[in-house]
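The structure appears right after this line, and notes come after that.
Positions are given from 1 along the sequence.
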Amino acid sequence: MTLVRNLPSSGPTPMSVRELASPVIEVVVAFWARTVELEEVDTYSEEAMIRRLWERVEGLDDELAWMDRSYGAAWTALIPVIDEIAAVDLGDVATHLDGLTPDAVRAIVEESWHDHAECGDECDRPDVELGPAPEVKDRLVGALSAVQERLGDELAEFEPKQRHTLELIRFLKRRMPVEQLIETVTNGVAYHAEAGVSEIVLAPSALIRPWNLLFLFGSSRYIIHPISEDSVDADADTPPSWMLDLFKALGDERRLRILRRLREVDGATLGELVEYLDLAKSTTHHHLRTLRAAGLVRTRLVSGKSKEDTRYELRADLLPDVMGLVGEYLLGPADQTTD
């Protein structure tokens, strides 16, 4: 549970990558930072918002003191719960936990509880016991309910920004291997497969920018990463940038001819396309660069050949996925129908 630039290496490739968007993730980030990264908060892009959230809960000293114990373990323990129930606010989480047995609630927190005996020289706090199950449940449900009452829908504005980033992630998932996807959305975290990890859950956050947080729950590696730059000022209906790039690329008669030609001849060199289009080499190269940026064309350098022999190929396998994502934006995932 720390700010990271790199993840450990070893073990099998993760089986899957999922996305998680919820304003409650922002609550976890804000109050986890209050617990363990207090001196680093001024490096967060949304420092003012984080401090405003802290001010909103002033007077809840007893509730927050319990939540803050053991490096804010009670806060981070909420991450898989938020994921499981698709929580929109802390009230959802509190209601869910209130419906569980005390032992079940204690088990949730226990998985995240920091073991002082194993934390080495970094520990500067006394050992603390988690406490009996009924007390843990009462404390956790009470604290979440109290904080939710103070915050209300304060963080609702971040949901469109998170979902805007998710559109980008879903698009990139179809274009990149897991390691490259993670490095892209985290702005530089070099990921390598980890032993025992079967899925990666990517959770965009506006408050955490420009940092990344990682948490491990069972076989799931949660990576809370900054929202994309395009999402910072995004509204609920702001089209994702990849979609704009796509339609700009398709909105030109010569580029459409290139795509058709690449399909017909199964790839071509720059020189061949220059001859086919009867255009200047620089103009044809510009069109190809635009198509590559939109993810519609890839290059393949033939071994032993010169750069002039680089072949451009249509990424036909991506077209159905791209059109499906456009449909999700226009119609919404729940509204799409098939014949």
- Query: Rounded to the nearest 0.5 Å, what separation is found between the NZ atom of Lys248 and the CG atom of Leu246?
  - Reply: 11.5 Å
- Item | Thr299 side chain to Thr310 side chain, donor-acceptor N/O pair below 3.5 angstrom | no
- Task: Quick one: list whatever passes side-chain hydrogen bond (donor to acceptor under 3.5 Å, both in side chains) with Glu47, sequence neighbours left out.
- Result: Arg51
Check residues 19-29 and write down every donor-acceptor pair under 3.5 Å in which the side-chain atom is one partner and the other belongs to a residue at least two apart or another chain.
unit_1 : atom_1 : unit_2 : atom_2 : d
Glu19  : OE2    : Lys173 : NZ     : 2.8
Ser22  : OG     : Val24  : N      : 3.1
Ser22  : OG     : Ala87  : O      : 2.5
Glu26  : OE1    : Ser205 : OG     : 2.6
Glu26  : OE1    : Leu207 : N      : 3.2
Glu26  : OE2    : Gln162 : NE2    : 3.4
Glu26  : OE2    : Ala206 : N      : 2.6

- Please answer: with hydrophobic residues joined when any side-chain heavy atoms are less than 4.5 Å apart, are Val232 and Leu155 in the same cluster? no
- Pairs meeting criterion side chain to side chain donor-acceptor pair (under 3.5 Å) with involvement of residues 132-148, two or more places apart: Asp62-Arg139
- Quick one: are Leu97 and Leu100 in side-chain contact, heavy atoms under 4.5 Å? yes
- Task: Could you list all the side chain to side chain donor-acceptor pair (under 3.5 Å) pairs where at least one residue sits in residues 88-106, not counting sequence neighbours?
- Result: Arg106-Glu110
- Note on the structure: d(Leu314 CG, Asp266 CG) to nearest 0.5 Å is 9.5 Å
- Please list, chain by chain and in numerical order, all residues satisfying side chain to side chain contact (heavy atoms under 4.5 Å, CB included) with Thr290, sequence neighbours excluded. Ala249, Arg255, His286
- Message: According to side chain to side chain contact (heavy atoms under 4.5 Å, CB included), who are the partners of Ser45, at least two apart in sequence or on a separate chain?
- Response: Arg209, Pro210
- Note on the structure: By salt bridge (Lys or Arg N to Asp or Glu O under 4.0 Å), Arg289 pairs with (sequence neighbours left out) none
- Message: Could you tell me if the side chain of Asn212 sits less than 4.5 Å from the side chain of Pro226, heavy atoms only?
- Response: yes
- What residues, two or more places apart in sequence or in another chain, satisfy salt bridge (Lys or Arg N to Asp or Glu O under 4.0 Å) together with Asp83? Arg18
- Is a side-chain donor or acceptor of Arg34 paired with a backbone partner of Ile50 at a separation under 3.5 angstrom? no
- Item | Where Arg254 and Leu279 come nearest, the two heavy atoms and their spacing | CD-CD1, 3.8 Å
- Item | side chain to side chain contact (heavy atoms under 4.5 Å, CB included) partners for Lys281, two or more places apart | Leu270, Val274, Glu308
- Task: List the atom of Trp32, the atom of Gly72, and the distance in Å for their closest heavy-atom pair.
- Result: CD1-O, 4.4 Å
- Item | Distance (rounded to the nearest 0.5 Å) between Arg52 CZ and Arg56 CZ | 7.5 Å
- For the side chain of Arg298 and the backbone of Glu313, is there at least one donor-acceptor N/O pair under 3.5 Å apart? no
- Query: Are Ile79 and Val88 joined in one hydrophobic group, where the rule is that I, L, V, M, F, W and Y side chains link up if heavy atoms are under 4.5 Å apart?
  - Reply: no
- Task: Could you tell me which non-hydrogen atom of Tyr44 sits nearest to which non-hydrogen atom of Ala33, and how far apart they are?
- Result: OH-CB, 4.2 Å
- Message: For Glu272, give me all partners under side chain to side chain contact (heavy atoms under 4.5 Å, CB included), at least two apart in sequence or on another chain.
- Response: Ala268, Thr269, Arg311
- Message: Using the rule that Ile, Leu, Val, Met, Phe, Trp and Tyr join whenever any side-chain heavy atoms are under 4.5 Å apart, tell me whether Ile227 and Ile169 fall into a single cluster.
- Response: no
- Pairwise distance CG(Leu140) to CE(Met67) - rounded to 0.5 angstrom: 5.5 Å
- Option among Val189, Leu214, Thr165, Thr184 that satisfies the side chain to side chain contact (heavy atoms under 4.5 Å, CB included) test with His225: Thr165
- Task: Check Ala156 against Pro160 and note the closest heavy-atom contact, atom names and distance.
- Result: O-CD, 3.5 Å
- Item | More than 12 heavy atoms of other groups within 6.0 Å of Asp233 CG | no
- Euclidean distance, Leu181 CG relative to Ile200 CD1, rounded to 0.5 Å: 9.5 Å
- Task: Would you confirm whether Trp54, through its side chain, and Ala30, through its main-chain N or O, come within 3.5 Å as a donor-acceptor pair?
- Result: yes
- Message: Can you confirm whether Phe215 sits close enough to Val201 that some side-chain heavy atom of one is under 4.5 Å from a side-chain heavy atom of the other?
- Response: no
- Go through the steps to decide whether Val17 and Ile182 satisfy the test side chain to side chain contact (heavy atoms under 4.5 Å, CB included), and finish with yes or no. CA-CA 10 Å; Val17 177; Ile182 293 173; 5.9 Å; no
- Which residues satisfy the salt bridge (Lys or Arg N to Asp or Glu O under 4.0 Å) test with Arg292, sequence neighbours excluded? none
- Message: Does Glu275, at its CD atom, have more than 12 non-hydrogen atoms belonging to other residues, nucleotides or ligands within less than 6.0 Å?
- Response: no
- Message: Students often mix this up, so state it plainly: with edges at 30° and 60°, are the rings of Phe31 and Trp75 parallel, tilted or perpendicular?
- Response: parallel
- Does one hydrophobic cluster hold both Val265 and Leu277, with members joined at side-chain heavy-atom distances below 4.5 Å? no
- Query: Roughly how far apart are Leu202 CG and Arg170 CZ, rounded to 0.5 Å?
  - Reply: 11.5 Å
- Message: Is there a side chain to side chain contact (heavy atoms under 4.5 Å, CB included) between Thr284 and Tyr276? Walk through the geometry before answering.
- Response: CA-CA 10 Å; Thr284 305; Tyr276 171 70; over 6 Å; no
- Nearest heavy-atom contact between Lys161 and Glu157 is CE-O, 3.9 Å
Please list every donor-acceptor pair under 3.5 Å in which a side-chain atom of residues 257-264 meets a protein atom from a residue at least two apart or in another chain.
unit_1 : atom_1 : unit_2 : atom_2 : d
Arg260 : NE     : Glu264 : OE2    : 3.4

- Minimum heavy-atom separation for Thr76 to Ser112, with atom names? OG1-OG, 2.6 Å
